[in-house]
Amino acid sequence: MQAPPTSSAPPTAPRRHRRSKAVGFAALAVSLLMAFPTAQSAFGDETAELPGGGDLGPNVLVFDPSTPDIQGKVDEVFKKQESNQFGTDRYALMFKPGTYDNINAQIGFYTSIAGLGLNPDDTTFNGDVTVDAGWFDGNATQNFWRSAENLALNPVSGTNRWAVSQAAPFRRMHVKGGLNLAPDGYGWASGGYIADSKIDGEVGPYSQQQWYTRDSSIGGWGNGVWNMTFSGVEGAPAQSFPEPPYTTLDNTPVSREKPFLYLDGDDYKVFVPAKRTNARGTSWGNGTPQGESIPLDQFYVVKPGATAETINAAVGQGLHLLFTPGVYHVDQTIDIDRADTVALGLGLATIIPDNGVTAVKVGDVDGVKLAGLLIDAGTTNSESLIEVGPEGSSANHADNPTSLQDVFVRVGGAGAGKATNGLVVNSNDTIIDHTWLWRADHGDGVGWETNRSDYGLTVNGDNVLATGLFVEHFNKYDVQWNGENGKTIFFQNEKAYDAPNQAAIQNGDIKGYAAYKVADSVTTHEGWGMGSYCYFNVDPTIRQQHGFQAPVKPGVKFHDLLVVSLGGQGQYDHVINNTGSPTSGTDTIPSQVVSFP
């Protein structure tokens with residue numbers, strides 16, 4: 001949640017059947033073994049092989065154009081989820097290819113809406129997919145954890161409204177009109193992220209404080225408040241930071257779009273888009289997208305109640321993972337140590353470690369895809385919540401990197417939780433594409449020590465790229481980057497609101513921990529379009545020495561940095577190291593440094 005900007009805004013698979021017969025015990029055992037192939041468990045005994053595929057569970061609602069009362073069903077989900085910020089319900093609204101008339105799908109918390117075509121234009125709404133902020137008095141700064149993907153929209157008014165903040169991706173969408181990113185009445189908003197989308201008309205951010213758009217095509221961009229960043233976007237405004245605050249890169253160095261579920265005739269498959277280098281524009285605009293289709297029967301369809309032991313057995317068996325909407329408690333780590341494994345969540349599927357384990361670990365292998373997952377800290381401290389590659393990872397994955405898309409971390413808010421580290425990346429060449437790592441500033445289980453988490457993102461691997469990096473409120477460094485040749489395109493941060501006093505954040509002889517720290521040993525690093533904000537509401541006298549800290553070396557470069565004191569609740573002395581003007585007073589005005597060094 002953030003203070004307001006000061007600028008004013010313009011007005012199902014078949015079951016296996018087993019023959020039943022009166023047989024003796026031995027014959028029955030043989031029958032069972034024949035029906036269910038066996039695999040070796042970790043203890044050497046034989047276990048039943050897990051089936052791939054199956055139905056998608058009760059919280060995946062699948063529609064086709066002939067489904068009766070689509071609007072009523074969508075409204076029913078929205079009524080449950082509109083203000084259900086820390087609830088346990090999860091939903092995915094999936095629409096088969098075709099045309100849907102007179103639809104206004106309002107999207108609340110933990111709700112994903114998506115088309116089931118191979119291309120967005122296969123599923124067309126003559127209507128809207130809407131996010132607004134009526135539930136919060138017109139304030140959109142808490143419109144988190146929802147998504148829209150793979151649809152074409154003909155908005156009723158000519159403009160679709162998507163007023164969101166963090167963790168609310170708008171991917172692979174075709175808007176045949178304009179896109180308004182502000183709530184009705186132009187209240188506060190703090191998003192957001194667009195990727196692989198085509199907006200025929202103008203995008204109007206209005207009161208949005210910051211936004212990142214990647215590998216898309218737009219008809220225009222209306223304005224900017226603090227930080228608007230673009231990479232690989234056809235129609236993006238020209239580079240002009242700080243006035244207007246546009247940071248524009250012609251291409252994205254490396255990108256891979258998020259895997260998605262689709263229908264090939266009557267068969268569900270998951271499409272895994274190919275990696276692109278120097279990408280620009282959508283991946284789907286010039287015909288069939290490049291990538292691989294994986295049939296659903298090659299996935300273990302994970303449903304609530306599944307254990308980590310079973311999930312790991314599925315991976316060991318060679319299956320990919322499709323998490324249906326729900327909350328999954330795990331008492332051991334989900335280990336993904338097989339190259340090219342896809343682990344895809346629907347409806348913000350949420351994983352909670354119950355006993356201090358790391359929720360998900362990825363091996364130092366090629367091409368793992370984690371996507372669409374929320375990892376929520378448990379009450380026992382975890383050393384980390386996600387770990388990509390074990391400590392000391394050294395393999396080269398440049399040709400086929402591991403990627404994380406829409407993978408979110410939360411510590412507190414839904415209840416007391418603790419984790420020393422949110423996300424640790426040890427593997428080289430990893431792509432982090434849109435993440436929000438959040439130590440909660442509101443909700444349940446919130447307090448300086450109650451939801452303690454010192455580090456949001458720690459990068460030890462080399463050649464790691466982050467596109468759309470949102471990291472907020474950690475007790476020490478929000479980002480600590482130790483690997484060589486790292487790159488970040490767009491960074492949004494708030495320092496922890498609840499620091500009790502200056503002493504609590506003292507970092508040796510430095511006042512406060514930088515939001516983004518590049519290790520002194522690093523010789524090459526680069527960042528574009530990066531902002532850090534402070535709002536020390538417990539002790540407004542706290543001073544933060546700088547938002548960013550990095551070694552002064554020719555290969556370490558930053559472009560378009562800013563720091564902001566939100567309402568004068570605390571101050572920054574500098575932007576990066578001892579460079580850049582301090583914030584001052586009570587005005588919410590960015591202090592900017594165009595480049596470093």
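Heavy-atom basis, side chains included; hydrogens, waters and symmetry copies ignored.
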K.L.:
Using only heavy-atom distances, determine whether the side chains of Asn312 and Asp335 contain a donor-acceptor pair under 3.5 Å.
P.N.:
no

K.L.:
Decide yes or no for Leu346 and Pro325: does some side-chain heavy atom of the first lie under 4.5 Å from some side-chain heavy atom of the second?
P.N.:
yes

K.L.:
Applying salt bridge (Lys or Arg N to Asp or Glu O under 4.0 Å) as the test, list every pair that has at least one member in residues 342-365; sequence neighbours left out.
P.N.:
none

K.L.:
Taking side chain as C-beta onward, heavy atoms only, is Leu56 less than 4.5 Å from Leu296?
P.N.:
yes

K.L.:
Output every pair passing ring-ring contact (aromatic ring centres under 6.0 Å, His included) with a member in residues 60-82, not counting sequence neighbours, ordered by first then second residue.
P.N.:
Phe63-Phe95

K.L.:
Going by the ring-ring contact (aromatic ring centres under 6.0 Å, His included) test, which pairs reach into residues 326-355, not counting sequence neighbours?
P.N.:
Phe323-Tyr328

K.L.:
Do the side chains of Ser165 and Gln142 get nearer than 4.5 Å, heavy atoms only?
P.N.:
no

K.L.:
Once rounded to the nearest 0.5 Å, what's the spacing between atom CG of Leu179 and atom CD1 of Ile199?
P.N.:
5.5 Å

K.L.:
Would you name the heavy atoms of Ala92 and Gly347 that are closest together and state the gap between them?
P.N.:
CB-N, 4.1 Å

K.L.:
Do Phe144 and Trp436 have side chains that approach each other closer than 4.5 Å (heavy atoms only, starting at C-beta)?
P.N.:
yes

K.L.:
Is a side-chain N or O of Ser197 found less than 3.5 angstrom from the main chain of Arg172, in a donor-acceptor match?
P.N.:
yes

K.L.:
Is the closest side-chain heavy-atom distance between Leu344 and Lys369 below 4.5 Å?
P.N.:
no

K.L.:
Is the backbone N or O of Gly281 less than 3.5 Å from a side-chain atom of Ser216, with the two atoms forming a donor-acceptor pair by type?
P.N.:
no

K.L.:
Hey, could you give me each pair passing salt bridge (Lys or Arg N to Asp or Glu O under 4.0 Å) that has a residue in residues 422-438? Not counting sequence neighbours.
P.N.:
Arg171-Asp433, Arg214-Asp433

K.L.:
For the pair Gln166 (side chain) and Ser190 (backbone), establish whether a donor and an acceptor sit closer than 3.5 Å, ignoring hydrogens and angles.
P.N.:
yes

K.L.:
Regarding Glu257 and Gln405, do their side chains bring together a donor and an acceptor under 3.5 Å, going by distance alone?
P.N.:
no

K.L.:
Ring pair (Phe, Tyr, Trp, His ring centres under 6.0 Å) with His434: which residues, sequence neighbours excluded?
P.N.:
Tyr193, Phe408, Phe470

K.L.:
Rounded to the nearest 0.5 Å, how far does CD1 of Ile334 lie from CD1 of Ile311?
P.N.:
4.0 Å

K.L.:
Of all heavy-atom pairs between Asn451 and Ala440, which one has the smallest distance, and what is that distance?
P.N.:
ND2-O, 3.1 Å

K.L.:
Side-chain donor-acceptor pairs under 3.5 Å in residues 259-266, sequence neighbours left out?
P.N.:
residue: Tyr262; atom: OH; partner: Ser293; partner atom: OG; Å: 2.6
residue: Asp264; atom: OD2; partner: Lys269; partner atom: NZ; Å: 2.7

K.L.:
Can you find a pair of side-chain heavy atoms, one from Val203 and one from Trp211, that are under 4.5 Å apart?
P.N.:
no

K.L.:
Taking it one step at a time, do Val479 and Leu437 satisfy side-chain contact (heavy atoms from CB on, under 4.5 Å)?
P.N.:
CA-CA 10 Å; Val479 173; Leu437 313 177; over 6 Å; no

K.L.:
Which pair of non-hydrogen atoms, one from Pro390 and one from Gly363, has the smallest distance, and what is that distance?
P.N.:
CD-C, 4.2 Å

K.L.:
Output side-chain donor-acceptor pairs under 3.5 Å for residues 116-131, partner residues at least two apart or in another chain, one line each.
P.N.:
residue: Asp121; atom: OD1; partner: His174; partner atom: ND1; Å: 2.7
residue: Asp122; atom: OD2; partner: Leu118; partner atom: N; Å: 3.1
residue: Asp122; atom: OD2; partner: Asn119; partner atom: N; Å: 3.0
residue: Thr124; atom: OG1; partner: Asp121; partner atom: O; Å: 3.4
residue: Asn126; atom: OD1; partner: Asn154; partner atom: ND2; Å: 3.0
residue: Asn126; atom: ND2; partner: Asp101; partner atom: OD1; Å: 2.6
residue: Asp128; atom: OD1; partner: Val156; partner atom: N; Å: 3.2
residue: Thr130; atom: OG1; partner: Asn104; partner atom: OD1; Å: 2.7

K.L.:
Among all residues two or more places apart in sequence or in another chain, which pass the side-chain contact (heavy atoms from CB on, under 4.5 Å) test with Val368?
P.N.:
Ile336, Val362, Val365, Leu370, Thr402

K.L.:
Evaluate the side-chain contact (heavy atoms from CB on, under 4.5 Å) criterion for residues Val77 and Leu61: first the C-alpha distance (whole Å), next the side-chain angles of each, then the deciding distance (0.1 Å), finally the verdict.
P.N.:
CA-CA 10 Å; Val77 172; Leu61 308 183; 3.7 Å; yes

K.L.:
Flag the pair Val409 / Thr435 as yes when at least one side-chain heavy-atom distance between them is below 4.5 Å, and no otherwise.
P.N.:
no

K.L.:
Give a yes or no on whether the backbone of Glu383 and the side-chain of Asn421 come within a donor-acceptor separation of less than 3.5 Å.
P.N.:
yes

K.L.:
Within this structure, what is the CG-CZ distance for the pair Asn84 and Arg90, rounded to the nearest 0.5 Å?
P.N.:
8.0 Å

K.L.:
Apply side-chain hydrogen bond (donor to acceptor under 3.5 Å, both in side chains) to residues Asn428 and His397 and explain how you reach the verdict.
P.N.:
CA-CA 6 Å; Asn428 298 329; His397 304 293; over 6 Å; no

K.L.:
Can you measure from CZ (Phe491) to CD (Gln210) and round to the nearest 0.5 angstrom?
P.N.:
11.0 Å

K.L.:
Kindly indicate whether the side chain of Val407, heavy atoms from C-beta on, has any atom under 4.5 Å from the side chain of Ile386.
P.N.:
yes

K.L.:
Using side-chain hydrogen bond (donor to acceptor under 3.5 Å, both in side chains), reason through Ser384 and Tyr455 one step at a time and then give a plain yes or no.
P.N.:
CA-CA 9 Å; Ser384 61; Tyr455 309 103; over 6 Å; no

K.L.:
Sequence neighbours excluded, which residues qualify as side-chain contact (heavy atoms from CB on, under 4.5 Å) partners of Thr310?
P.N.:
Leu50, Tyr300, Thr307

K.L.:
Compile the donor-acceptor pairs under 3.5 Å between side chains in residues 106-113 and protein atoms, sequence neighbours left out, one pair per line.
P.N.:
residue: Tyr110; atom: OH; partner: Gln85; partner atom: O; Å: 2.4
residue: Tyr110; atom: OH; partner: Arg410; partner atom: NH1; Å: 2.8
residue: Thr111; atom: OG1; partner: Phe109; partner atom: O; Å: 3.0
residue: Ser112; atom: OG; partner: Ser147; partner atom: OG; Å: 2.9

K.L.:
Please evaluate residues Arg276 and Ser283 with respect to the criterion side-chain hydrogen bond (donor to acceptor under 3.5 Å, both in side chains), reporting the C-alpha separation (whole Å), side-chain torsions for both, the decisive distance (0.1 Å), and the verdict.
P.N.:
CA-CA 9 Å; Arg276 298 200 289 167; Ser283 67; 5.2 Å; no

K.L.:
Taking atom types as modelled, is there a side-chain donor on Asn381 or Thr420 under 3.5 Å from an acceptor on the other?
P.N.:
yes

K.L.:
For the backbone of Thr141 and the side chain of Asn139, can you confirm whether one donor and one acceptor N or O come within less than 3.5 Å of each other?
P.N.:
yes

K.L.:
Start with the C-alpha distance between Leu423 and Val388, add both sets of side-chain angles, then the distance that settles side-chain contact (heavy atoms from CB on, under 4.5 Å), and finish with yes or no.
P.N.:
CA-CA 8 Å; Leu423 168 62; Val388 180; 4.2 Å; yes

K.L.:
Of all residues at least two apart in sequence or in a different chain, which pass the side-chain contact (heavy atoms from CB on, under 4.5 Å) check with Gln290?
P.N.:
Ala274

K.L.:
Start with the C-alpha gap between Trp162 and Ile194, add the side-chain angles, then the distance that decides, and say whether side-chain contact (heavy atoms from CB on, under 4.5 Å) holds.
P.N.:
CA-CA 11 Å; Trp162 186 255; Ile194 293 171; over 6 Å; no

K.L.:
Set out, in order, the CA-CA distance, both residues' side-chain angles and the distance that settles side-chain hydrogen bond (donor to acceptor under 3.5 Å, both in side chains) for Asn355 and Asp331, then state yes or no.
P.N.:
CA-CA 6 Å; Asn355 55 353; Asp331 59 1; 5.7 Å; no

K.L.:
Which salt bridge (Lys or Arg N to Asp or Glu O under 4.0 Å) pairs, counting each pair once, include a residue from residues 68-80, with sequence neighbours left out?
P.N.:
Lys80-Asp89

K.L.:
Given Lys303 and Asp55, is the salt bridge (charged side-chain N to carboxylate O under 4.0 Å, His left out) satisfied, shown in steps?
P.N.:
CA-CA 10 Å; Lys303 296 176 183 175; Asp55 70 88; 2.9 Å; yes

